[in-house]
Amino acid sequence: MSEYDLLDTASGNAVVVALDHGIGMGAINGFEDPQITLDAVLAGEPDGVLVGPYFAEQFADTLAASSTEVLVTADFVSPSSRPGEDTGPWVQQHAFDTDRLLACDPVGVKSVLAFGRQDSQSFERNVNYITEITESLRGTGVPHMVETVMWGNDVPDRFETDTEYVANACRIGWELGADILKSPYTGDRDSFEPIVENAPVPVMILGGPSSGPVGTMLADVAGAMAAGARGLVMGRSVWQTQDPAAVVTALRRIVHDSVAPEVAWPP
């Protein structure tokens with residue numbers, strides 16, 4: 001029996017597809033029609049989907065008809081104040097209160113802890129609501145998943161997966177109350193394994209923008225799993241592909257059955 005329903009699977013791991021992008025990014029490529037994208041993802045039978053609470057409400061019947069669990073996001077995060085654009089600076093705000101989130105009967109609540117911003121007040125607000133969410137979920141049985149990312153201008157893009165930065169961010173994340181960490185993958189097992197081993201909470205990896213062939217992404221997932229990760233929470237790397245259901249199926253084989261990526265997704 002897992003410590004959380006999300007990870008209460010035969011392997012103790014979980015494949016979660018993130019579908020919360022519309023909150024801050026709008027109708028982005030591959031997600032213009034939410035019903036079509038949701039159906040394509042659910043066809044692969046992921047363990048969970050991460051959505052906004054109003055998305056969960058609008059598509060409650062579809063989600064209820066599947067065997068997939070629901071996680072909900074607590075915050076609004078956007079790369080711009082202009083809708084659908086990536087012009088910066090990032091905008092972030094605690095958007096949904098705990099009662100609204102728990103009304104979705106989720107197996108997890110996710111929020112973002114973003115490092116690297118020059119505006120210290122934005123970071124202070126971020127820390128405040130991370131701890132507020134943690135305390136509001138205490139005793140509910142619903143874990144707080146904290147996504148630790150390097151998004152600010154003070155952390156150049158090339159350091160987003162830097163081992164030292166990721167290790168420090170994960171440490172701060174669980175020290176602020178994360179029950180589960182959603183972390184960048186550092187790129188290889190040797191550098192990621194100590195981060196996982198040193199965290200007293202489960203670590204799952206995030207995806208980020210879709211880039212490169214599916215096989216490369218799956219190889220990263222396999223590396224993270226070998227390092228002790230408990231699964232993944234990925235969005236664009238799944239539903240911006242030609243066949244999201246097939247990608248989810250391949251991820252499930254790697255995460256639950258330790259199938260080699262080249263077997264799960266033959267070249």
Residue Gln121 excluded, over 12 heavy atoms near CD under 6.0 Å: no

Compare all side-chain heavy atoms of Phe59 with those of Val49 and state whether any distance is below 4.5 angstrom. no

Joint cluster assignment, Val127 & Val91, ILVMFWY side-chain distance < 4.5 Å: yes

In Å and rounded to the nearest 0.5 Å, what is the CD to OH distance from Glu57 to Tyr54? 7.0 Å

Return the CD1 to CG distance between Ile28 and Asp86, rounded to the nearest 0.5 Å. 10.5 Å

Does the pair Ile180 and Val146 meet the rule for a side chain to side chain contact (heavy atoms under 4.5 Å, CB included), with working shown? CA-CA 6 Å; Ile180 299 173; Val146 177; over 6 Å; no

Applying a strict under-4.5 Å side-chain criterion to I, L, V, M, F, W and Y, I'd like to know whether Leu251 and Val214 cluster together. yes

Close aromatic pair by centroid cut-off 6.0 Å: Phe115 and Phe123: yes

Can you find a pair of side-chain heavy atoms, one from His144 and one from Ile130, that are under 4.5 Å apart? yes

Distance-only side-chain donor-acceptor flag, Gln93 / Arg125, under 3.5 Å: no

For the residue pair Ile133 and Ala74, what are the closest heavy atoms and their distance? CD1-CB, 3.6 Å

Does the plane of the ring in His21 sit parallel, tilted or perpendicular to the ring in Phe31? Use 30° and 60° as the thresholds. perpendicular

Evaluate the side-chain proximity of Met145 to Val233: yes if any heavy-atom separation is below 4.5 Å, no if none is. yes

Checking the side chain of Thr216 only, and the main-chain atoms of Gly212 only, is there a donor and an acceptor separated by less than 3.5 Å? no

Look up atom NZ in Lys182 and atom CG in Leu232, then write down how far apart they are to the nearest 0.5 Å. 10.0 Å

Interatomic distance, CG@Asp5 vs CG@Asp105, rounded to 0.5 Å, equals 9.0 Å

Nearest heavy atoms of Pro202 and Glu3, plus distance in Å: CG-OE2, 3.6 Å

Using every non-hydrogen atom in the two residues, find where Leu38 and Phe55 come nearest and quote the distance to one decimal. CD2-CE2, 4.0 Å

So, Thr9 side chain and Gly12 main chain: donor-acceptor pair closer than 3.5 Å or not? yes

Would you check if the side chain of Thr37 reaches a backbone N or O of Gly30 as a donor-acceptor pair within less than 3.5 Å? yes

Any idea which heavy atoms bring Val203 and Ala199 closest together, and the distance? CG2-CB, 3.8 Å

Looking at Thr161 and Thr186, would you say the former's side chain and the latter's main chain have a donor-acceptor pair under 3.5 Å? no

Are Phe159 and Met150 close enough that some pair of their side-chain heavy atoms sits under 4.5 Å apart? no

I'd like to know if the side chain of Asn128 pairs up with that of Glu124 as donor and acceptor (distance under 3.5 Å, no hydrogens or angles considered). no

Would a hydrophobic clustering, with Ile, Leu, Val, Met, Phe, Trp and Tyr connected at side-chain separations under 4.5 Å, put Val201 with Val255? yes

Test your reading of the model: is there a side-chain donor-acceptor pair from Asn168 to the backbone of Glu164, 3.5 Å cut-off? yes

Do side-chain atoms of Trp239 reach the backbone of Gly235 as a donor and acceptor pair under 3.5 angstrom? yes

Which distance, rounded to the nearest 0.5 Å, do you find between the CZ of Phe192 and the CE of Met225? 10.5 Å

Salt bridge check, Lys110 against Asp20: does any charged N sit closer than 4.0 Å to a carboxylate O? yes

Tell me if a side-chain donor or acceptor on Arg252 pairs with a main-chain N or O of Glu45 at a distance below 3.5 Å. yes

Step by step, work out the side chain to side chain contact (heavy atoms under 4.5 Å, CB included) result for Val112 and Glu147. CA-CA 5 Å; Val112 173; Glu147 179 177 356; 3.6 Å; yes

A quick test of your reading: do over 12 heavy atoms of other residues, nucleotides or ligands sit less than 6.0 Å from CD of Gln242? no

Out of curiosity, Leu181 CG to Ile205 CD1, how far, rounded to the nearest 0.5 Å? 13.0 Å

Shortest non-hydrogen separation from Ser136 to Thr98 and the atoms involved: OG-OG1, 2.6 Å

Considering only heavy atoms from C-beta outward, does the side chain of Val77 approach that of Trp151 to under 4.5 Å? yes

Would you call Leu206 and Met234 a side-chain contact if the rule is heavy atoms closer than 4.5 Å? no

Note, Val51 side chain near Leu71 side chain (heavy atom, < 4.5 Å): no

Among the clusters formed by ILVMFWY side chains lying less than 4.5 Å apart, do Ile23 and Leu102 turn up in the same one? yes

For Thr148 and Val166: C-alpha separation, side-chain torsions, deciding distance, then whether side chain to side chain contact (heavy atoms under 4.5 Å, CB included) applies. CA-CA 8 Å; Thr148 54; Val166 172; 5.9 Å; no

Indicate, with yes or no, if Leu63 and Val142 share a hydrophobic cluster defined by side-chain heavy-atom contacts under 4.5 Å among Ile, Leu, Val, Met, Phe, Trp and Tyr. yes

Arg236 side chain to Asn29 side chain, donor-acceptor N/O pair below 3.5 angstrom: no

Between Ser111 and Tyr129, is the side chain to side chain contact (heavy atoms under 4.5 Å, CB included) condition met? List the steps. CA-CA 9 Å; Ser111 62; Tyr129 84 67; 4.1 Å; yes

For the side chain of Asp257 and the backbone of Val259, is there at least one donor-acceptor N/O pair under 3.5 Å apart? no

Heavy atoms only: give me the nearest Pro79-Gly24 pair and the separation to one decimal. CD-O, 4.1 Å

Can you tell me which residue among Asp47, Val16, Leu50, Val107 is in a side-chain contact (heavy atoms from CB on, under 4.5 Å) with Glu69? Val107

Just wondering, more than 12 heavy atoms not from Arg82 lying within 6.0 Å of its CZ? no

Val72 and Val70, any side-chain heavy atoms less than 4.5 Å apart: yes

Check: Gln92/Ser122 side-chain N/O donor and acceptor closer than 3.5 Å: no

I'd like to know if the side chain of Asn126 reaches the main chain of Ala114, judged simply by a donor and an acceptor atom lying under 3.5 Å from each other, with no hydrogens or angles considered. yes

Checking Arg230 against Tyr4: charged group under 6.0 Å from the ring centre and within 45 degrees of the axis? no

